[in-house]
Amino acid sequence: QVQLVESGGGAVQTGGSLRLSCVVTKSDRSFDNYALGWFRQAPGKEREFVAAVDWRGDSRRYADSVKGRCTISRDNAKRTVLLEMNSLKPDDTAVYYCAADTYGVAPTADAIDYDYWGQGTQVTVSS
């Protein structure tokens, strides 16, 4: 079992920044043995990949829609994964979810690879 708790969402204006945080509060596997990712889901749309990081924090993947504006990082000592988001746009408005791929170490963009999910944190960007 792995429990993930997101925080850091909020309401900002276009061009603003947010830092999302996800803490693994419970894990029956060592935190530094699996990959982590962020996904988002806007109203009326399917959940989509945002960013992912490998087990060591050395390899990252980003969706084209956020590349250059977002940075994913992890702190294995604190069992935390962060998503720094800059130059936010109204299209970034969504519920953001943290996810753990406990059977993989490489960053993956496929939601089916992730076996544990957080409850989500709302990000709202106004124009």
Side-chain angles (χ1 to χ4, degrees):
Q1 286 288 332
V2 175
Q3 291 183 351
L4 306 101
V5 179
E6 303 98 333
S7 63
V12 297
Q13 293 186 331
T14 297
S17 300
L18 283 173
R19 186 176 75 168
L20 305 185
S21 176
C22 174
V23 177
V24 174
T25 58
K26 177 181 177 182
S27 178
D28 57 2
R29 295 188 57 185
S30 178
F31 179 80
D32 57 4
N33 281 350
Y34 48 83
L36 294 159
W38 286 94
F39 289 75
R40 66 186 182 186
Q41 187 167 19
K45 296 186 177 180
E46 293 186 354
R47 189 170 298 190
E48 65 174 3
F49 170 73
V50 178
V53 62
D54 75 335
W55 64 289
R56 293 187 301 181
D58 292 338
S59 179
R60 299 170 177 84
R61 293 185 66 174
Y62 295 96
D64 288 342
S65 58
V66 304
K67 199 171 293 183
R69 300 189 297 120
C70 291
T71 302
I72 187 170
S73 61
R74 65 188 293 165
D75 185 334
N76 286 347
K78 296 181 179 179
R79 308 213 304 183
T80 298
V81 59
L82 301 175
L83 183 69
E84 302 270 359
M85 302 189 296
N86 300 306
S87 302
L88 285 163
K89 309 172 184 178
D91 284 348
D92 294 317
T93 295
V95 177
Y96 283 70
Y97 297 91
C98 174
D101 173 12
T102 63
Y103 290 95
V105 295
T108 173
D110 198 341
I112 199 170
D113 290 328
Y114 293 84
D115 44 340
Y116 293 98
W117 295 79
Q119 294 299 306
T121 185
Q122 177 71 47
V123 171
T124 303
V125 185
S126 58
S127 57

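This structure is a prediction, so every number in the text was calculated from the model and none was measured. Computation of the quantities below employed the complete heavy-atom set of this structure, encompassing side-chain atoms and omitting hydrogens, waters and symmetry-equivalent molecules. Residue numbers run from 1 in the order of the sequence given.
- Residue Gln119 qualifies as open at atom CD: its count of foreign heavy atoms under 6.0 Å is 12 or below.
- Between the OH atom of Tyr62 and the CG atom of Leu83 there is a distance of 8.0 Å, given to the nearest 0.5 Å.
- Once rounded to the nearest 0.5 Å, the distance linking OG of Ser127 with CD of Gln13 reads 9.0 Å.
- Among residue pairs with one or both ends in residues 15-24, those qualifying as side-chain hydrogen bond (donor to acceptor under 3.5 Å, both in side chains) are Ser17-Asn86; sequence neighbours excluded.
- Under the side-chain contact (heavy atoms from CB on, under 4.5 Å) criterion, Val12 pairs with Leu18, Leu88, Val125, sequence neighbours left out.
- Atom SG of Cys98 and atom OH of Tyr114 lie 9.5 Å apart (nearest 0.5 Å).
- Grouping the Ile, Leu, Val, Met, Phe, Trp and Tyr side chains by contacts below 4.5 angstrom, directly or via other members, places Ile72 apart from Val95.
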(request) Could you walk me through whether Phe49 and Phe39 pass side-chain contact (heavy atoms from CB on, under 4.5 Å), step by step? (result) CA-CA 4 Å; Phe49 170 73; Phe39 289 75; 3.7 Å; yes

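- Put simply, the side chain of Tyr116 does not reach to within 4.5 Å of the side chain of Val24, judged on heavy atoms.
- Taken from CG in Leu36 to OG1 in Thr108, the straight-line distance is 12.5 Å, to the nearest 0.5 Å.
- Atom CG of residue Leu20 and atom CD of residue Glu84 lie 9.0 Å apart, to the nearest 0.5 angstrom.
- Tested against Tyr96 for a side chain to side chain donor-acceptor pair (under 3.5 Å), the candidates Gln122, Glu6, Arg40 yield a single pass: Arg40.
- Applying the salt bridge (Lys or Arg N to Asp or Glu O under 4.0 Å) rule to pairs touching residues 103-126 yields nothing, sequence neighbours excluded.
- Between the CZ atom of Arg60 and the CZ atom of Arg74 there is a distance of 10.0 Å, given to the nearest 0.5 Å.
- Paired with Arg69 under the rule salt bridge (charged side-chain N to carboxylate O under 4.0 Å, His left out), one option of Asp64, Asp92, Asp91 passes, and it is Asp92.
- Met85 is not listed as a side-chain neighbour of Val66, based on a closest heavy-atom distance of 4.5 Å or more.
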